[in-house]
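So you know, we letter chains A, B, ... as the sequences are listed, proteins then strands, and number each from 1.
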Amino acid sequence: MDIQAYISSGIIEAYVMGLATEEEIQILQCVQKHNAEVRQAVLDAQLSLEGLATQEAVPPPVHLKAAIWAKIQEEEALSSKEESIVAAPAVPGNTTAFVPATQKAIANDTKHNIFRPLALAASLLLVVSIAGLAYLVREQSSMKTQLAAVQQKQQYTALAYNQLQQKWDMSINPEMKTVMLKGVEKHPGMKAMVYVDNKTKQTYLSLENLPQAPENMQYQLWAIVDGKPVDAGMYDQQSGNMVQKMYIIENAQAFAIALEHAGGSPTPTMENMYVMGEI
Amino acid sequence: MAVTEYAEEVIQDVFLKIWKHIDQYDASKGRLYTWMINIARNTALDFLKSKGYQNEQKNQSLHNFVHKDDPPILAGQVDETGIKRSDQIGMKNIIYSMKKEWQELIELAYFQGYTQTEIAEKLNIPIGTVKTRTRNALTELRKLLKDYE
């Protein structure tokens, strides 16, 4: 048999990962008995697997360790009960004596006399088996992702609904005056709405269909007071709020929106006016 | 039932199995740790194939994702299982860096416990090809792991 070919055939990797067939297992166990190189290769493969398992490990929940020992004690109690019926005198009747007796029995029985190293290895494996079960968790988190996507979509819808609700409330509120700003000659079809609170003179703006302002530019609301333009506030197109609070303007006769530099301008750039409307 | 609860139940079963069958462990056949890893894998697979779990899956209204499309995890990021990856490359990234065919074989054989016969049927390729390809995939996987050690 060509040992090198055998070692590089992948059968050893398959064997340590539990993927070899019965026949292949028999062959390998026979070969490794008689060949040190193969024995070493099998050992190396196991160490690789074990290293990977430890690396991928996820700390398990703390309560599991106690739960596991409890199960083991239960198991031992069942099997030692069976044994004692056949063999020795009866176990003491009261329950408080029972538990320590079982633990002692576990510690002393010959089948489990690798108790200490097993305990160590057991804690390691606890960590390892979670890696193997990451498959299960992965499935669930895929579902979680889908669920999150659906929820997010719902949130967007809810947000859009709120925006519309806001506008509607403004429009039908008798305390609010609605001023429609229509597109100028250069920008036909453009529209915006200004809402003015009759009592407080607080103004609100909603850009209906004005395009996204280019970089470093921003829409500014101007109010015409006593024939002169007055800064009424900047609209933030990034905010996601459709209806935005502007300034308080007394005695406004008309409103207009012009595209200015980001942050606004002290005087309106007339050529950049988009819409205007009179009260 | 939450998946983490399933996982915890399976882990407990794994340890119980190890405890019960410890006298069957034969040191001449391999290391203890590897023996335990394989018990863990087999127990997990039994669980996934169990009637109880299969029925629960059928009752889910959201269908399973094909996780092949998950993006790779970068070091330091939190992956979708909520675990922060401090190691440089996770096993998942390594598997994703392999040929699609090989990824698929490792997924089916190792993570889903299909036999070579079942895989051959499922993918409609001869058993011999499944065997050779799986072997190659495993050797490659091992090589990639060594590179990142």
Check whether A/E74 gets within reach of chain B through its side chain, its backbone, both or neither, counting any heavy atom under 4.5 Å. neither

Between A/K71, A/Q29, A/M17, which residue shows the highest count of heavy-atom pairs closer than 4.5 Å to chain B? A/M17

A/E23, CD: over 12 other non-hydrogen atoms inside 6.0 angstrom: no

In terms of heavy-atom pairs under 4.5 Å with chain A, the winner among B/L45, B/T139, B/T115, B/N38 is B/N38

Can you say whether A/I11 sits under 4.5 Å from chain B via the side chain, the backbone, both, or neither, judging by heavy atoms? both

Between A/Q46 and B/R31 (side chain of the first, backbone of the second, donor and acceptor by atom type, cut-off under 3.5 Å), is there such a pair? yes

Check A/E75 with B/K20, please: is the shortest side-chain N to carboxylate O separation under 4.0 Å? yes

Indicate yes or no: at least one non-hydrogen side-chain atom of B/I125 is less than 4.5 angstrom from one of B/R133. yes

In terms of heavy-atom pairs under 4.5 Å, which option from B/K131, B/K29, B/Q116 contacts chain A the most? B/K29

Is there a donor in the side chain of A/D44 and an acceptor in the side chain of A/Q40, or the other way round, less than 3.5 Å apart? yes

Please classify the contact between B/S28 and chain A as side chain, backbone, both or neither, with a heavy-atom cut-off of under 4.5 Å. backbone

